[in-house]
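For reference, positions follow the sequence shown, starting with 1.
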Amino acid sequence: MQKLALSDEILLQIEKPARYIGNELNMVKKDASAVAVRFAMCFPDVYEIGMSHLGMKILYEMFNRRADVYCERVFSPWPDLHRIMKEKQIPLFALESQEPVRDFDFIGITLQYEMCYANILQILDLAGLPFTAEERTDDMPLVIGGGPCAYNPEPIAEFFDLFYIGEGEISYDALFDLYISMKRDGGYSRREFLRRAAAIPGIYAPSLYEVSYREDGTIAAMEPTAPGVPKTVKKQVVMELTDAVYPTAPVVPYIKVTQDRVVLEIMRGCIRGCRFCQAGQIYRPTREKDVEALKQCAAQMLKNTGYEEISLTSLSSSDYSQLEELVNYLIETFKGQGVNISLPSLRIDAFSLDVMGKVQDIRKSSLTFAPEAGSQRLRDVINKGLTEDVILHGAGLAFVGGWQKVKLYFMLGLPTETEEDMRAIAELADKIAVRYYDIPKEKRNGRCQITISTSFFVPKPFTPFQWAAMFDKDEYLRRAKVVNDAVKEQPNRKSIRYNWHEADVTVLEGVFARGDRRVAKAIRYAYEDGALFDSWSEFYDNGRWMRAFEKAGVSPEFYTMRERGRDETFPWDFIDDGVSKDYLYREWERAQQGIVTKNCRMQCSGCGAKQFGGGVCFENQD
């Protein structure tokens, strides 16, 4: 029996000890002494969140297919265990071997959400490593980051040796091969490895670049400082998605996690082009998986995990061209076995409702619409491609089909937003309620329940809105109050409930999203002052972060309150994600004019993604 890193005494003191003991179904076990590379795959959040992340599962499968690599999992210890580990000086350990990650070759940290940045320092701290890459010595693990936040790595650049830009299936083998050969040949030094790694497509080594600034605080230039280091780092993309590595026997947790089901990825990318959406830009071009391969994969995953639910995942599942065939197959094949089918990110149309009626308990479930903006004018600005008629028609179909609960998601603080646009959120909810109460009373399931949720808009890199200004906390809350007051004025207000996001968290997220290297000092100060799990409202302390910014001499307003000029150099401009800056600025101008851009299947908008040589860009061509 493997010895656990935590004693029974400690396990009995902490919440959900199953987070830390490993040995789950389908966990990979290897002889750590027989491999050339030990890789600690870290998710800087609690186990239940990290174990739900598909990208981590894919890389875990891919790395462990190599006989010379052992990939193990690490998650952020919850605050109760964090305190004990600090007090008792227990080093951060991996779940598979229960051994300290300080002894590994790589620590890979997935970067999914800016509000987890303090947890990156928790991982380094508990591992016993210096916070900054320049302080680390040749015998220490190399720290590499990847994921959507790596598309602007600069606020956390000094904490990492490397970043991987793009989809991990492409260049990690080359990185491991380089590391193994340098170690074997005795020519390894940390700096030389970084220099040679930087020549691998998609790999960024921050220490090999120098940033200069103008007097106004904007970036003047960013230049490589070593020979052979590219000026531009190009995103890596898997074009043959059907043949790419996919975990057919993922690890099954002992405890309930956020995505407690089989997750079947049906495509990557999105044809829609919403101007606020980073994922819709950085995952271009849209690529589909073959439907027959998906059917086979679904059967294998259900058999290998024992799960009783399967979820089809993508940015916009309705746009998968073989969706009807796939869904009908899954229903016919597995519904009789007690397997539920989950269909997130669907447009609400007759087909979708028919499918959901077959796979859901209508009385218990709620339908989700994401209009993002209340008025048609603002939906055109953000290029949502959704009209009020479509929304009301979909809601009407749903109500006739037996649904009575609807969730509506919106954003406040979008570019060009007016008071009319804010009030339109409440008015749209009321129109949906009217559609419900138009149904004869004897055919309804009681009162309808409409829940409005608003988040506050954060401009993200590589989107048309990366030039936009944000607002301060008070202005965001004022806008939420406008919506709240408007809800109270609606005839069907008793059927409408309104929730809104934390405004101060939004401002901080905005700083991290578009920040540069100078922000890192504030992150370090905040962590040293106790910042941890900032994405969890019960732990977030805005005062702590404001103190950290003041101590670091960093102005949050510089990153949030300014509208950028067309020619400003962004911290992330050294990354080529395949979508041109000229295209994004064109979309920024069209947004301000309220001009809608057609989706990729209707008309190519010349974004630049055609350079990858496949996907939606080449559909319907001879």
Side-chain angles (χ1 to χ4, degrees), residues 24-28 41 43 45-65 71 73 75 95 110-113 146-148 167-169 238 241-270 279-280 283 286-320 322-323 325-331 333-335 337-346 352 355-356 359-360 365 368:
E24 308 100 318
L25 177 68
N26 297 331
M27 186 190 87
V28 174
M41 181 76 73
F43 196 99
D45 207 327
V46 72
Y47 176 93
E48 294 93 311
I49 302 293
M51 280 300 294
S52 302
H53 181 243
L54 178 58
M56 190 168 175
K57 295 174 184 178
I58 291 172
L59 293 182
Y60 182 80
E61 171 79 12
M62 175 183 157
F63 293 175
N64 280 318
R65 284 189 186 182
C71 179
R73 295 161 299 139
F75 304 95
L95 296 190
T110 184
L111 306 168
Q112 296 298 313
Y113 182 36
E167 297 170 355
E169 294 95 331
V238 182
L241 204 57
T242 300
D243 300 327
V245 173
Y246 201 77
T248 55
V251 178
V252 180
Y254 288 125
I255 58 176
K256 186 173 177 59
V257 298
T258 309
Q259 289 279 348
D260 205 26
R261 58 187 68 91
V262 161
V263 177
L264 189 67
E265 182 185 37
I266 60 176
M267 68 179 191
R268 286 186 194 169
C270 181
Y283 294 122
T286 301
R287 295 143 286 149
E288 295 190 351
K289 287 190 177 182
D290 175 71
V291 69
E292 295 303 322
L294 288 171
K295 292 174 186 178
Q296 186 177 356
C297 186
Q300 289 176 317
M301 294 181 78
L302 288 166
K303 178 183 177 182
N304 292 333
T305 61
Y307 278 124
E308 296 178 341
E309 184 174 349
I310 185 165
S311 175
L312 307 186
T313 185
S314 73
L315 293 174
S316 179
S317 298
S318 293
D319 294 319
Y320 177 60
Q322 305 291 312
L323 183 66
E325 179 182 346
L326 178 60
V327 168
N328 286 333
Y329 168 82
L330 294 174
I331 291 173
T333 306
F334 301 114
K335 194 68 166 71
Q337 301 173 27
V339 175
N340 293 320
I341 319 289
S342 173
L343 296 157
S345 64
L346 282 180
S352 301
V355 169
M356 285 186 279
V359 301
Q360 290 183 0
S365 63
T368 299

* Hey, does the side chain of Arg287 reach the backbone of Val238 with a donor-acceptor pair shorter than 3.5 angstrom? -> yes

* Asked: Where do Thr286 and Met267 come nearest, in terms of heavy atoms and distance?
  -> CG2-SD, 4.1 Å

* Heavy-atom donor-acceptor pair, Thr242 side chain to Asp290 backbone, under 3.5 Å -> yes

* **Verdict with supporting geometry, Leu312 and Leu330, side chain to side chain contact (heavy atoms under 4.5 Å, CB included)** => CA-CA 10 Å; Leu312 307 186; Leu330 294 174; 3.7 Å; yes

* Taking Asn26 for its side chain and Pro250 for its backbone only, find out whether a donor-acceptor pair lies under 3.5 Å. => yes

* Can you check whether Cys297's main-chain N or O pairs, donor with acceptor, with Tyr246's side chain at less than 3.5 Å? -> no

* To do: Could you check if a side-chain atom of Glu292 sits within less than 4.5 angstrom of a side-chain atom of Glu325, using non-hydrogen atoms only?
  => yes

* Counting N and O atoms only, with roles assigned by atom type, does the side chain of Ser314 sit under 3.5 Å from a partner on the main chain of Arg268, one being a donor and the other an acceptor? -> no

* Asked: Is there a donor-acceptor pair under 3.5 Å between the side chain of Tyr307 and the backbone N or O of Val252?
  -> no

* To do: Over 60° means perpendicular and under 30° means parallel, so classify the ring planes of Tyr47 and Phe75, tilted if in between.
  => perpendicular

* Which heavy atom of Met41 sits nearest a heavy atom of Met56, and at what distance? -> O-CE, 3.1 Å

* Structure fact -> Shortest non-hydrogen pair, Ser311 vs Arg261, comes out as CB-CD, 3.4 Å

* Could you tell me whether Lys57 and Glu61 have a side-chain N and a carboxylate O separated by less than 4.0 Å? => no

* Asked: Can you tell me if Asp45 uses its side chain to pair, donor with acceptor, with the backbone of Gly50 under 3.5 Å?
  -> no

* To do: Kindly determine whether Ile49 and Gln112 satisfy side chain to side chain contact (heavy atoms under 4.5 Å, CB included), including the steps that lead there.
  => CA-CA 11 Å; Ile49 302 293; Gln112 296 298 313; over 6 Å; no

* **Residue that, paired with Thr248, satisfies side-chain contact (heavy atoms from CB on, under 4.5 Å) out of Gln296, Lys303, Gln300** => Gln300

* Asked: When rounded to the nearest 0.5 angstrom, what is the spacing between CE in Met301 and CG in Leu294?
  -> 10.5 Å

* CA sep, side-chain torsions, deciding dist, call: Phe43, Arg73, side chain to side chain contact (heavy atoms under 4.5 Å, CB included) -> CA-CA 8 Å; Phe43 196 99; Arg73 295 161 299 139; over 6 Å; no

* To do: Taking all non-hydrogen atoms of both residues into account, name the closest pair between Met51 and Val257 and its distance.
  => CB-CG1, 4.1 Å

* **Audit row: Glu288, Ile266, side chain to side chain contact (heavy atoms under 4.5 Å, CB included) steps and yes/no** => CA-CA 6 Å; Glu288 295 190 351; Ile266 60 176; over 6 Å; no

* Asked: So which heavy atom on Val28 is nearest to which on Tyr60, and how close?
  -> N-OH, 3.0 Å

* **Main-chain N/O of Lys289 paired to Tyr320 side chain as donor or acceptor, under 3.5 Å** => yes

* Asked: Given side chains that start at C-beta, do those of Asn340 and Glu308 come closer than 4.5 Å, heavy atoms only?
  -> no

* **Short side-chain to backbone donor-acceptor contact, Ser52 and Gln259, under 3.5 Å** => yes

* Asked: Sub-3.5 Å donor-acceptor pair from the side chain of Glu169 to the main-chain atoms of Ala244, do we have one?
  -> no

* Straight-line distance of Thr313 OG1 to Leu343 CG, nearest 0.5 Å -> 11.0 Å

* To do: Over all heavy atoms of both residues, which pair between Ile310 and Ala298 is shortest? Give the atoms and the distance, please.
  => CD1-CB, 3.5 Å

